[in-house]
There are 2 protein chains.
Amino acid sequence: MAQGVPNRQSTLDEVAELAGVSRSVASRVLNNAPHVSRAKREAVARAVLQLGYVPNPTARALATRQTGAAALVVSGEDPSIFADPFFAQVIVGASAALEEAELHLMLCLAASDRGRRRVEQLLRSKGADGVMLMALREDDPLARMAEETEIPVVFGGRPVGLDPRWYVDVDNLGGARAATEYLISLGRTRVVTICGRLDTEVGRARYRGYQDAMLAAGLEPYPPEAGDFTESSGAAAMAALSARHPELDGVFTASDNMGAGALRTLRDAGRRVPADVAVIGFDDLAVARISDPPLTTVHQPVEGLGREMARMLVALINGQAPTPLILPTRLVTRASA
Amino acid sequence: MAQGVPNRQSTLDEVAELAGVSRSVASRVLNNAPHVSRAKREAVARAVLQLGYVPNPTARALATRQTGAAALVVSGEDPSIFADPFFAQVIVGASAALEEAELHLMLCLAASDRGRRRVEQLLRSKGADGVMLMALREDDPLARMAEETEIPVVFGGRPVGLDPRWYVDVDNLGGARAATEYLISLGRTRVVTICGRLDTEVGRARYRGYQDAMLAAGLEPYPPEAGDFTESSGAAAMAALSARHPELDGVFTASDNMGAGALRTLRDAGRRVPADVAVIGFDDLAVARISDPPLTTVHQPVEGLGREMARMLVALINGQAPTPLILPTRLVTRASA
DNA sequence: TGGAAGGCTGGAAGCGCTTCCAGTTTCAGG
DNA sequence: CCTGAAACTGGAAGCGCTTCCAGCCTTCCA
């Protein structure tokens, strides 16, 4: 039974003819639908093997009105922000979950105007069965449009200024609160924060968590110093804070990268960590383990975020009605606090 | 001219009817093909706007036999290897280049058997117009199959044991040689290497570069200590090498992560960098800038790799005959050497 | 042994778009 | 005012698959 490698792609018609059945029967066999006798089922299977037949996904998509693909769109102004390992992990999780549902993953980086227009087309033309949207900017037009479109959309994180129907988020507030509480429990009372961009929900939530913990402990929150989640911005913010509040003895930073930057500034300034200043980050990326000293941080289930987004989307595509999800975070203590 | 938001997706037939032309004419207008009078062109444009018409990509794909998508497949045994920021950068580059060609990006992580089978289907069913393949393992069945398939395939890096027709690679050999030469030029003569997995072309090439440089300088290359490109494997390898060759004064590691691990081991052992031991990494990832001391390393154009792969693929899809490409690397000197 | 129930089967009608082709206009040149 | 070329136009045939439906054939029970 030579597994033929035909020069031309063979079609279902050819399979049907070779098997001596009609195209409908052949189709039913391939989708293993009922109402086909055992004999014909086997005949078709043989023909498929003999011809090396592979169904044409496009034709199937046209007939079923299902593309067999889900899109992950990352919307932001700077394409290089995507180079963050964060997204790579989200993708790993999403990819695994989509694979279970036999869906392909389309990736759309909507940074340029052109990219955004293409995503818009995708949404309106139903070019995918569903979309996972991670909108980074405040008031993202794509986010608004996605909420209005017909096709299932799951948000990753809640965009500022929008209350999406379906989303998966990480407990940023709780994580930030826990981190700050931990610093306070260590006896630190002059705890500052290097917050992330406050035009993102992530930045806001993590800052709010800091505030909550401070107030709950009867401490006055310091005004935040903002960074953009990068190492260098963390270093700069730390310098500014040190100058403004030389008495500080604890820092909660809204990302590991900023935490690493803060460590660098403190080290350069000769301040010991954690003896003089305790530092806590957020994310639990590789950098937290590598930095010197290793960074105490808030772990967030990034791969889980991707996985749950994909699962929720699949549920939606299948006509179910899932509920929004907030994934837990957890403090990981290392040497820096 | 209300930009209608129809409840149902409108079709080309409806546009044609509203514009008072035949479907063929409407189609020609949309693809701006010739042989349409100015008047009808405008009538169709008006109708499109009025109905909020968006062409159905699936139907178009079926008719033209072009899917409008290119796939990036990463084939390896461990899905989490993809979480490496390396791939994220490749994706950024590829995505940008594909956008110019109006192609969508499909991402396939072929780690499980199931994933591999799906990629196989994709190749055989022409589910994409072309494929960029990054095969990590030696003797990857997918790589072999890809070379046999009809659809255009561009390799990212050359897989061991295969000499692909079209590929984009990075000058690993030259980079490794330059790094080692630099160590030697610094007066180091007892230079060891922590190489990557020798069942990958990357690992082999970088090791060969080290050997070449040592031999060219009249030095005896040390036997390599292998890691798997991760921080911890680098730390372990460094410990082993220190024990075996206490006299060593220079280390070339085949990745920044391993370099960071080596730094950690050296620091823990109380050996000063670069005073006692000079260390050089490879990749120029963020970790190289953050580590303590910052890592001298070999920069490779990762985003460029993705971009060039995509460009080559687009050329192939358009029937051109590009030539393989090897992108240059360059030494970035920081404090560790 | 008759008849109803129900499993099989294949014909045919799409899914929405492109594109070939033959027929119709238009228009410059004679 | 005629003729041929060039520009338009729309009908129709697909692209390869799914699925509805009507008809056929078993089968099994009364």
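Just so it is clear, the structure is predicted and the values come from calculations on it, not from any experiment. Chain naming here is simple, since letters A, B, ... match the order of the sequence lines and numbering starts at 1 in each.
When distances run from any side-chain atom of H35(B) to the nucleotides dT19(D), dC8(D), dG16(C), the shortest one goes to dC8(D). Of the candidates dG16(C), dT18(D), dG16(D), dG16(D) carries the atom nearest the N56(A) side chain, counting heavy atoms from C-beta on. Side-chain proximity of P55(B) to dT18(C), dC17(C), dG10(D): nearest is dC17(C). For R28(B), taking side-chain heavy atoms from C-beta onward, the closest of the listed nucleotides dT9(D), dG11(C), dC17(C) is dT9(D). Candidate nucleotides dG16(D), dC17(C), dT18(D) were compared by shortest atom distance to the side chain of L62(B), and dG16(D) ranks first. The nucleotide whose nearest atom lies closest to any side-chain atom of R23(B) is, among dT18(C), dT18(D), dG10(C), dT18(C).
A salt bridge links R38(B) with E42(B): the closest approach of a Lys/Arg side-chain nitrogen to an acidic carboxylate oxygen falls below 4.0 angstrom. In summary, R117(A) and E99(B) do not engage in a salt bridge, as defined by a charged side-chain N under 4.0 Å from a carboxylate O. At a threshold of 4.0 Å, the pair R311(B)-E308(B) counts as salt-bridged, since one of the basic side-chain nitrogens sits closer than that to a carboxylate oxygen.
The distance between atom CD of Q66(A) and atom P of dC17(D), rounded to the nearest whole Å, is 17 Å. If you measure from atom CG of N32(A) to atom C1' of dT18(D), you get 15 Å, rounded to the nearest angstrom. Separating the CZ atom of R41(B) from the P atom of dA7(D) is a distance of 13 Å, rounded to the nearest angstrom. Note: CG (N31(B)) to P (dC20(C)) measures 12 Å, nearest angstrom. When rounded to the nearest whole Å, the span between CG of L12(A) and P of dT19(D) equals 12 Å. In this structure, CG of L30(A) is placed 7 Å from P of dT18(D), rounded to the nearest angstrom. Counting to the nearest Å, the C1' atom of dT26(D) and the CZ atom of R38(A) are 18 Å from each other. Spacing between atom NZ of K40(B) and atom C1' of dT25(C) amounts to 11 Å, rounded to whole angstrom units.
Contact annotation: S27(B) reaches the phosphate of dT18(C) (side-chain N/O to OP1 or OP2, under 4.0 Å). Residue S37(B) places at least one side-chain N or O closer than 4.0 Å to OP1 or OP2 of dT9(D). For the pair R65(B) and dG16(D), the criterion of a side-chain N or O lying under 4.0 Å from OP1 or OP2 is met.
Annotation: side chain of Q9(B) is not in contact with side chain of L51(B) (no heavy-atom distance under 4.5 Å).
In terms of position on DNA chain D, the residue among T58(A) and S22(B) whose nearest nucleotide sits closer to the 5' end is S22(B). Checking T64(B) against P34(B), the closest nucleotide of DNA chain D that is more toward the 5' end is the one next to P34(B).
D129(A) places a side-chain N or O within 3.5 Å of a backbone atom of T67(A) that can act as its donor or acceptor partner.
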